[in-house]
Amino acid sequence: VYRFVASQLKAMELVRDEEAKTAAVEGFLRYFRQCLADLPVRTNDTLKGYNHLVRGAPADEIQLVCQPGHTLLTTAAEDGDYVVTITLQPSRENSVGQDLGIRRRMAADREENYTWLPLVAGVAALQFQYFQPQLGTWVERWEDSASRPTLVRVKFWWRTDEMPVEVIVPVPAARIQ
């Protein structure tokens, strides 16, 4: 009887953990979709994407220039341009893991003067790819200050030996440049 109860408790724990991961992913994707939807239509240099590897796994980042609001996760900040970088950073809770979150700072501030807000704990790897419509292909970096990709592919791994969660998100402002 003890083994049966123990195995049932373990199964319930695994289901709870999977549900928590699914909720975290869905929450992040809602945030990310809205960030891309909020990009200003005719403003240059508002989206940059950089690819990195950390311990052999993707650890990409995407930088967005924004005003206080959804992307910055506050409307109470002083007026001005801010840079929000969505990326991975070592977890404060777990010395091995990484958190997916945002670094935010005023655009005029130095790169290292940021506030970190973790959004999803325990992410092993993160990759952004950008659809370049002129080439008809996906690219690893986006540094074109005069245009935007039409789509952004997001992949993140809970464990690097598993299949990633993959979602393609449209960039509405790319259609109106």
Side-chain angles (χ1 to χ4, degrees), residues 24-25 27-132 138-158 160 164 167 169-174 176-177:
V25 168
F28 168 74
L29 291 173
R30 276 193 305 276
Y31 166 75
F32 186 65
R33 281 187 185 101
Q34 191 61 48
C35 288
L36 295 181
D38 287 349
L39 285 173
V41 176
R42 291 191 170 86
T43 305
N44 289 340
D45 217 17
T46 58
L47 185 151
K48 299 278 186 181
Y50 305 100
N51 60 323
H52 306 287
L53 287 176
V54 174
R55 287 180 246 131
D60 294 356
E61 62 183 49
I62 186 169
Q63 288 184 346
L64 306 168
V65 176
C66 66
Q67 299 285 314
H70 176 82
T71 303
L72 194 61
L73 291 178
T74 185
T75 57
E78 66 182 79
D79 286 340
D81 285 340
Y82 288 81
V83 176
V84 170
T85 303
I86 301 170
T87 190
L88 296 178
Q89 193 162 295
S91 175
R92 292 184 183 159
E93 306 295 320
N94 177 347
S95 62
V96 178
Q98 298 180 97
D99 293 337
L100 169 59
I102 65 170
R103 293 190 309 240
R104 60 186 188 176
R105 63 177 173 82
M106 291 202 72
D109 285 351
R110 294 181 12 196
E111 186 79 28
E112 61 271 6
N113 292 343
Y114 65 84
T115 303
W116 172 251
L117 294 173
L119 302 175
V120 181
V123 177
L126 174 68
Q127 183 179 57
F128 293 105
Q129 295 174 318
Y130 310 90
F131 190 75
Q132 170 54 269
W138 292 96
V139 296
E140 301 293 318
R141 299 173 67 86
W142 192 268
E143 297 181 279
D144 185 345
S145 61
S147 69
R148 295 184 184 88
T150 53
L151 303 167
V152 177
R153 180 187 290 156
V154 183
K155 294 182 187 179
F156 60 98
W157 291 257
W158 295 108
T160 55
V167 177
V169 181
V171 181
I176 310 172
Q177 294 183 43

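The model shown is predicted, which means the values in this text are computed figures rather than measured ones.
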Check whether any side-chain heavy atom of [X] sits under 4.5 Å from a side-chain heavy atom of [Y], and report yes or no.
X	Y	result
Thr87	Phe128	no
Pro40	Thr46	yes
Phe28	Val154	yes
Leu39	Leu64	yes
Glu78	Pro68	no
Pro149	Leu47	yes
Gln67	Asp81	yes

Result for side chain to side chain contact (heavy atoms under 4.5 Å, CB included) between Gln127 and one of His52, Arg153, Glu140 points to Glu140

Heavy-atom closest pair (Pro164 atom, Lys155 atom, distance to 0.1 Å) is CB-CB, 4.2 Å

Leu72 and Arg104 have their tightest heavy-atom pair at O-NH1, 2.6 Å

Determine, step by step, whether Arg148 and Leu36 satisfy the side-chain contact (heavy atoms from CB on, under 4.5 Å) criterion, reporting the C-alpha distance in whole Å, the side-chain angles of both residues, the deciding distance to 0.1 Å, and the verdict. CA-CA 10 Å; Arg148 295 184 184 88; Leu36 295 181; over 6 Å; no

Show the numbers, then the answer: is there a side-chain contact (heavy atoms from CB on, under 4.5 Å) between Arg55 and Thr160? CA-CA 11 Å; Arg55 287 180 246 131; Thr160 55; over 6 Å; no

[atom2] on [Y] to [atom1] on [X], rounded to 0.5 Å:
X	Y	atom1	atom2	answer
Ser91	Leu100	OG	CG	12.0 Å
Gln132	Trp138	CD	CH2	11.5 Å
Leu126	Ile62	CG	CD1	9.5 Å
Tyr82	Met106	OH	CE	4.0 Å
Ile102	Thr71	CD1	OG1	8.5 Å
Leu73	Cys66	CG	SG	9.0 Å

Residue set satisfying side chain to side chain donor-acceptor pair (under 3.5 Å) with Arg103, at least two apart, ordered chain then number -> Glu61

What is the ring orientation for [X] with [Y], classed by angle as parallel under 30°, tilted 30 to 60°, or perpendicular over 60°?
X	Y	result
Tyr130	Trp142	tilted
Trp158	Phe156	perpendicular
His70	Tyr31	tilted

Q.
Donor-acceptor pair, distance only, cut-off 3.5 Å: does the side chain of Gln129 make one with the backbone of Val139?
A. no

For residues 105-114, the side chain to side chain donor-acceptor pair (under 3.5 Å) pairs (sequence neighbours left out) are Gln89-Tyr114, Arg105-Glu111, Arg110-Glu112

